[in-house]
There are 2 protein chains.
Amino acid sequence: MKYANTKERILNSALDFFSVNGYSGASIRQIAKSIGIRESAIYNHYKSKEEIFLAILSQFKDKTISGEVISDELLDEAVYPEIFFSKLAKRLFDHWGKPDEKKFLRLLLMEQFTKIGNKELSTSDYLKEILKVCAVIFGEMSKNGVIKKSDPALLAFEFCAPVFLIRTEYLAEEDSGIRREAAEKINAHVSFFWNAVRLK
Amino acid sequence: MKYANTKERILNSALDFFSVNGYSGASIRQIAKSIGIRESAIYNHYKSKEEIFLAILSQFKDKTISGEVISDELLDEAVYPEIFFSKLAKRLFDHWGKPDEKKFLRLLLMEQFTKIGNKELSTSDYLKEILKVCAVIFGEMSKNGVIKKSDPALLAFEFCAPVFLIRTEYLAEEDSGIRREAAEKINAHVSFFWNAVRLK
DNA sequence: CATCTAAATGAACGCTCGTTAATATAGCGA
DNA sequence: TCGCTATATTAACGAGCGTTCATTTAGATG
């Protein structure tokens, strides 16, 4: 029998398993079985397990976060910084909580130190883009006198780092109770940040 | 031939391999070989690979961070908050950078989502103790009018989270150039935090 | 010195791993 | 309709895995 999208379905399933069992804990047979084919069929699409891993990485490397997190209506709110920060933090948190992004984040955390992952995966790199975007926005806000003048890159880091840590703390399970707890932490962080950067 | 400390040396070597290859990527044979014994000899000391893993976890669970990071001379400086924050941040960063602590941190990040690790490992739990200690200290400082009044637990999180993220970003390699880069980030964070909590 | 025991060895087990090769089959273009 | 190509299956490979077991050895105890 022939199937459609096999190549893509391999990638999806591989991400599922890699992000829970780790690269070396996941097996080709497991991945094949989960999409209803034999392990040898995998090799019609990828020449090795490592190639599947690298394909996942390059798929996520091409993704850009800005479009997913920053929108025009959001930017319009930058004149009301308190609301803006709150929305931005929530968006960021939710972005990292999207099913595939969550899986990739787990993979990043798991494989960033391994032989196979340490060349391609680093938390700094992963955060680089969003930090840059935030720095630009915060820089504009200082210039426009909406918040204190300060190093935009530092502001970006101080805004994003706690959000990122909260996200990684809740990367495992996520029932509605947990989500509320995380949302409260995000709110508290935003209020701290806002108090730190507001004009007196 | 007979060796001394075999049980302990197994644990050390296991931590080395687990923290780089992950639990399932490391093998009993590899661990045995690295300490100069055969794999079967391991089983005179631990009844399974899983037991070695759990022994590592319980070894670190018993460790207390407060004594390693907080000292009396450090607390004496709490009256000069800017210096105090700077020293505390450095101590925290250095603590997480101690060879064994670094290995454990990598293990934590790698295994917190896996079948074997997800019951025993969580970033929140790992940070819980230091957050509590910091909260007490910061609470005292607000009460003594050395810094702004604010939720001590929030202050502790805002202080520690960026330090922790910086640490995890530099958990892989660490040459002297990298260490200087990290130190600068820590300084920048401390200055942001200090500006956020200082009295006006 | 003889004995006991803890700790090592060497060989083997059943299993799973990633990968390959030979073969079958489905669907599309000529 | 025929044959080509992409995609699947079945079977097998060598290697490494965790673990067990019978045996040897070294060092402490009497």
Side-chain angles (χ1 to χ4, degrees), chain A residues 1-58 107 110-111 113-121, chain B residues 1-59 107 110-111 113-120:
Chain A
M1 214 182 303
K2 288 206 176 191
Y3 301 95
N5 311 323
T6 303
K7 190 157 189 170
E8 192 190 333
R9 293 169 66 231
I10 292 171
L11 231 53
N12 288 334
S13 172
L15 180 57
D16 281 342
F17 286 109
F18 286 167
S19 71
V20 172
N21 305 327
Y23 175 77
S24 65
S27 82
I28 294 284
R29 278 174 178 81
Q30 202 175 30
I31 294 165
K33 193 172 190 181
S34 81
I35 60 170
I37 61 174
R38 295 291 109 87
E39 65 271 18
S40 52
I42 298 259
Y43 292 86
N44 287 318
H45 303 276
Y46 298 94
K47 73 179 219 297
S48 66
K49 187 185 181 184
E50 179 166 358
E51 195 178 273
I52 299 175
F53 179 75
L54 296 175
I56 291 176
L57 298 202
S58 86
L107 190 64
M110 295 175 99
E111 299 298 334
F113 310 117
T114 65
K115 197 171 189 335
I116 189 158
N118 84 91
K119 257 120 188 143
E120 310 268 352
L121 287 169
Chain B
M1 217 182 302
K2 286 206 173 191
Y3 301 96
N5 311 325
T6 302
K7 190 157 190 169
E8 193 190 333
R9 293 170 65 232
I10 292 170
L11 231 52
N12 287 335
S13 171
L15 180 57
D16 280 343
F17 286 108
F18 286 166
S19 71
V20 171
N21 306 130
Y23 174 78
S24 65
S27 82
I28 293 285
R29 278 175 178 80
Q30 202 174 30
I31 294 166
K33 192 172 190 179
S34 82
I35 60 169
I37 61 174
R38 294 294 109 84
E39 64 271 19
S40 50
I42 299 257
Y43 291 87
N44 286 318
H45 303 275
Y46 298 95
K47 72 181 222 295
S48 67
K49 187 185 182 184
E50 179 167 357
E51 195 179 272
I52 298 175
F53 179 75
L54 296 176
I56 291 176
L57 299 203
S58 86
Q59 177 184 277
L107 189 64
M110 294 174 101
E111 299 297 334
F113 310 118
T114 65
K115 199 173 190 330
I116 189 158
N118 85 90
K119 259 117 186 148
E120 311 268 352

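Model, not experiment: these values are computed from the prediction. Residue numbers begin at 1 in each chain, while the letters A, B, ... track the order of the sequences.
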Minimum-distance nucleotide to A:Thr6 side chain [options: D:dA8, C:dA8, C:dT19]: D:dA8

Sugar-phosphate only, base, or nothing, as touched by A:Ser27 at under 4.0 Å among non-hydrogen atoms: sugar-phosphate

A:Gln30 side-chain N/O to A:Ser27 backbone N/O, donor-acceptor pair under 3.5 Å: yes

Any donor-acceptor pair under 3.5 Å from A:Asn118 side chain to A:Lys115 backbone: yes

Whole-Å distance separating the CD1 atom of B:Ile31 from the C1' atom of C:dA8: 18 Å

From D:dT9, C:dT19, C:dA11, nucleotide with atom closest to A:Ile37 side chain: D:dT9

Rounded distance (Å) that lies between atom P of D:dT7 and atom CD of A:Glu8: 14 Å

A:Lys47 NZ to C:dT19 P, straight-line distance once rounded to whole Å: 9 Å

Touch class at under 4.0 angstrom, heavy-atom based, for A:Arg38 against every strand present: base

Side chain of A:Ala41 (C-beta onward), nearest among D:dT9, C:dA11, C:dC17: D:dT9

Passing candidate, side-chain contact (heavy atoms from CB on, under 4.5 Å) with B:Ile10, options B:Asn44, B:Ile35, B:Ile56: B:Ile35

C:dA6 base / B:Asn44 side chain donor-acceptor hit below 3.5 Å: no

Protein-nucleotide distance (A:Glu50, atom CD; C:dT19, atom C1'), rounded to Å: 14 Å

Side-chain donor/acceptor contact of B:Ser48 with base of D:dG18 under 3.5 Å: no

A:Lys33 NZ - C:dT16 C1' separation (whole Å): 13 Å

B:Leu107 backbone acceptor or donor facing B:Tyr23 side chain under 3.5 Å: no

Pairwise 5' ranking along DNA chain D for A:Glu39 and A:Ile42, keeping only the more 5' one: A:Ile42

N/O (side chain, A:His45) to phosphate O (OP1/OP2, D:dA8) under 4.0 Å: yes

Atom-pair distance (CZ on B:Arg29; P on C:dG10), nearest Å: 13 Å

Between P of C:dG18 and CD of A:Glu51, the distance in whole Å: 15 Å

Nucleotide nearest A:Ile28 when distance is taken to its side chain, options C:dT19, C:dA8, D:dT10: C:dT19

Selected nucleotide, minimal atom distance to A:Tyr43 side chain, candidates C:dT20, C:dA11, D:dG18: C:dT20

Any donor-acceptor pair under 3.5 Å from B:Ser13 side chain to B:Arg9 backbone: no

Spacing of B:Ile10 atom CD1 relative to C:dA7 atom C1', expressed in whole Å: 10 Å

Touch class at under 4.0 angstrom, heavy-atom based, for B:Ala26 against every strand present: sugar-phosphate

